[in-house]
> 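Sharing a structure below in structure tokens format, with a few things to ask.
Whatever order the structure lists ligands and atoms in, that order sets their numbers, starting from 1. Treat the numbers as computed from the prediction; the structure is a model and nothing was measured.
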Amino acid sequence: MKDLKLAILGYGDAGRAYGSLLNNKEAEIRDKYGVAIKVTAIATGSHGTLIDPDGIDLHNVEEELANRGEKLDQAGLYVAQNANYDALLELTPLNIFTGQPAINHIKAAFGRGKHAITANKGPIAWAFRELREMSVEGGCQFYYETTVMDGTPIFNLVSDTLKMCNVTAIDGILNSTTNYLLEELAKGVPYDEAMEEGRRRGFVETDPSMDVEGWDAAAKLTALMNVLMDAGITPDKIIRKGIDGISADEIAEAAENGKVIKLLCNGKFDGGTATGTVMPALLDRTELLATISGTSSAVSISTDLMGKVTIVEHDPEIEQTAYGVFSDTLRLIEGICQIK
Ligand SMILES: NC(=O)c1ccc[n+]([C@@H]2O[C@H](COP(=O)([O-])OP(=O)(O)OC[C@H]3O[C@@H](n4cnc5c(N)ncnc54)[C@H](OP(=O)(O)O)[C@@H]3O)[C@@H](O)[C@H]2O)c1
């Protein structure tokens, strides 16, 4: 039986859901792959850090953090640079304007020849080429499926199944908060009421401005363009307009004409210029993307060999986020098993 030692940076909603999935699947992973997963470090921002080469019991992380969590400055970076692990899991909060400190966490891992998995899209939106190069040079595996649409396979779909296809365009609805809000406004629900209900259900942030102004969608589009088209762009280069200027009257008028307003993402790259836009758009209500409802998301990938392929994530919960990180963990294990 081989060990796979993991260091988890960030143990919030995604980290906890991942921990619980690992607990459920640990025995199956041992049976199927002959690999025992051992979490040797968990870092948080303000709730302390656990480092234990013998492995942390994932059934009691909150209690362990409270009892013996060490308070460290820059805990994520400290763990990435010093703990004993094979793979780093980057689950710290997104900084949409810089991608930091997550970029530095992953660089520290690659600098030590360690593998990395990120659910945080900052590094993919701001530093994908550099990180990819570092991972290749260091012989490290690097996975990031969760950064767009949770565990829905988009990056894996292209790399594993659409072999030798060039991606020529990306269209999608990538932000659940704005999709939900536009739909509620169309039903006549007042903006503040829709926001409050979204907060109550847990998918609208206390400060929703990054969603409403289109930044979150821009970061996801950038990640898609960087990985699928090698566009080498950053979120600030996306031509961006949010939904904050859209009135209930405009939405009602669109409905009278058989249309819906959606916050659409579009990316194109001709090998020279990368063009990405996030904009409210009027869609005929029979169009596929017009039917994406509530907190669901969808992305259409246009390719040279396989035409257009669309994948939809229906009403995701935190378990689908955890699955994204889990599926990357399995790819890592499969990669390691192949090498050995
Ligand atoms: N939640 C989702 O549905 C979802 C879906 C896809 C992708 N993601 C991405 O996954 C990541 C985690 O999301 P989440 O929902 O779990 O966030 P969250 O609930 O806010 O948890 C973030 C965790 O990171 C810790 N942290 C903050 N700064 C840190 C640092 N410098 N070093 C180490 N740990 C640090 C926090 O600790 P303290 O609480 O002590 O500050 C907390 O444990 C984000 O990048 C997010 O964009 C989330």
> Give the numbers and elements of all ligand 1 atoms closer than 4.0 Å to a heavy atom of N120.
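Within the 4.0 Å cut-off of N120, ligand 1 contributes 45 (O).
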> Please list the nearest protein heavy atom to atom 15 (O) of ligand 1 with its residue and the distance rounded to 0.1 Å.
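Here the nearest protein heavy atom works out to D13 CB, 3.8 Å.
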> Tell me yes or no: between the side chains of D236 and T234, is some donor less than 3.5 Å from an acceptor?
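Their side chains do contain a donor-acceptor pair, which is all the 3.5 Å distance test asks for.
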> Enumerate the atoms of ligand 1 whose separation from the nearest heavy atom of L91 is less than 4.0 angstrom.
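Going through ligand 1 atom by atom, the ones under 4.0 Å from L91 are 11 (C), 12 (C), 22 (C), 23 (C), 24 (O).
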> Salt bridge or not between R129 and E133? Use side-chain N to carboxylate O under 4.0 Å.
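Result for this pair is no, no salt bridge flagged.
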> Mind checking whether A14 has an N or O less than 3.5 Å away from an N or O of ligand 1?
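N/O-N/O distance under 3.5 Å: yes.
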> Answer with side chain, backbone, both or neither: which part of L77 has a heavy atom less than 4.0 angstrom from an atom of ligand 1?
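The answer is neither; L77 stays 4.0 Å or more away.
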> With sequence neighbours left out, which residue pairs that include part of residues 41-55 fulfil the side chain to side chain donor-acceptor pair (under 3.5 Å) condition?
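Every pair satisfying side chain to side chain donor-acceptor pair (under 3.5 Å) with a residue in residues 41-55: there are none.
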> Among I318, L9, T92, whose heavy atom sits nearest atom 44 (C) of ligand 1?
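Selected option, by shortest heavy-atom distance: T92.
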> Mark whether atom 17 (O) of ligand 1 lies under 4.0 angstrom from at least one protein heavy atom.
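Not a single protein heavy atom is under 4.0 Å away.
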> Look only at interatomic distance and state if P101 has a nitrogen or oxygen under 3.5 Å from any nitrogen or oxygen of ligand 1.
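Between P101 and ligand 1 (N or O atoms, distance only) the closest approach is not under 3.5 Å.
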> Measuring from atom 21 (O) of ligand 1, which candidate in G12, S176, A102, G10 has the nearest non-hydrogen atom?
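That would be G12.
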> Around atom 9 (C) of ligand 1, find the nearest protein heavy atom and jot down its residue, atom name and distance.
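The protein heavy atom lying closest is A119 O, 3.3 Å.
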> Which atoms of ligand 1 are found less than 4.0 Å from any heavy atom of S46?
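By the 4.0 Å cutoff, the relevant atoms are 38 (P), 40 (O), 41 (O).
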> Is there any N or O on P93 that sits under 3.5 Å from an N or O of ligand 1?
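No; the residue has no nitrogen or oxygen that sits under 3.5 Å from a nitrogen or oxygen of the ligand.
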> Nearest to atom 6 (C) of ligand 1, what protein heavy atom do you find, and at what distance?
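Among all protein heavy atoms, the one nearest atom 6 (C) of ligand 1 is D150 OD1, 3.4 Å.
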> Geometry only, no angles: is T146 polar-contacting ligand 1 at N/O separations under 3.5 Å?
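Such a contact does not occur with ligand 1.
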> So which of G202, G45, G151 gets nearest to atom 35 (C) of ligand 1, if we judge by its closest heavy atom?
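Selected option, by shortest heavy-atom distance: G45.
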> Any atoms of ligand 1 less than 4.0 Å from a non-hydrogen atom of Y11? List them with their elements.
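Near Y11, the atoms of ligand 1 are 23 (C), 42 (C), 43 (O).
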> Go through ligand 1 atom by atom and flag the ones less than 4.0 Å from a non-hydrogen atom of A43.
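Those atoms are 33 (C), 34 (N).
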> Whether the N179 and K262 side chains hold a donor-acceptor pair (N or O, under 3.5 Å, no angle test) is what I'd like checked.
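The criterion, which ignores hydrogens and geometry beyond distance, is satisfied for K262 and N179.
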> Answer with yes or no whether the side chains of E90 and Y144 bring together a donor and an acceptor at under 3.5 Å.
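Looking only at side-chain atoms, E90 and Y144 do not form any donor-acceptor pair under 3.5 Å.
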> Decide if the gap between the ring center of W126 and the ring center of F97 is smaller than 6.0 angstrom.
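No, the ring centres sit 6.0 Å or more apart.
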> Using a strict 4.0 Å cut-off to heavy atoms of H47, name the atoms of ligand 1 that fall inside it.
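That gives atoms 38 (P), 39 (O), 40 (O) of ligand 1.
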> Can N95 and Q100 be counted as having a side-chain donor-acceptor contact under 3.5 angstrom?
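Short answer, no.
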> Within the 3.5 Å criterion, strictly below it, is a donor on D284 or T286 matched to an acceptor on the partner's side chain?
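Yes, side-chain donor-acceptor contact under 3.5 Å.
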> Looking only at the side chains, is there a donor atom on one of T152 and D150 sitting less than 3.5 Å from an acceptor on the other?
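The criterion, which ignores hydrogens and geometry beyond distance, is not satisfied for D150 and T152.
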> What protein heavy atom sits nearest atom 32 (N) of ligand 1, and how far away is it?
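Here the closest protein heavy atom is G76 N, 3.2 Å.
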> Specify side chain, backbone, both or neither for T147, according to which of its non-hydrogen atoms lie closer than 4.0 Å to ligand 1.
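The answer is neither.
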> Not counting sequence neighbours, which residues clear ring-ring contact (aromatic ring centres under 6.0 Å, His included) with Y323? List them please.
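Partners of Y323 by the ring-ring contact (aromatic ring centres under 6.0 Å, His included) criterion come out as none, since no residue qualifies.
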> For the residue pair T310 / S300, report whether a side-chain donor-acceptor contact shorter than 3.5 Å exists.
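Per modelled atom types, S300 and T310 side chains form a pair under 3.5 Å.
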> Looking only at protein heavy atoms, which one is nearest to atom 4 (C) of ligand 1, and how far off is it?
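Answer, as residue, atom name and distance: T321 CG2, 3.6 Å.
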> Verify whether one side chain among Y143 and Q141 offers a donor that lies under 3.5 Å from an acceptor in the other.
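Per modelled atom types, Y143 and Q141 side chains form a pair under 3.5 Å.
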> Please tell me whether R331 and N156 have a donor and an acceptor in their side chains that are separated by less than 3.5 angstrom.
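Yes, a side-chain donor-acceptor pair sits under 3.5 Å.
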> Look at atom 47 (O) of ligand 1 and find which of K121, E205, Q100, R16 reaches it with the closest heavy atom.
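Nearest option to atom 47 (O) of ligand 1, by heavy atoms: K121.
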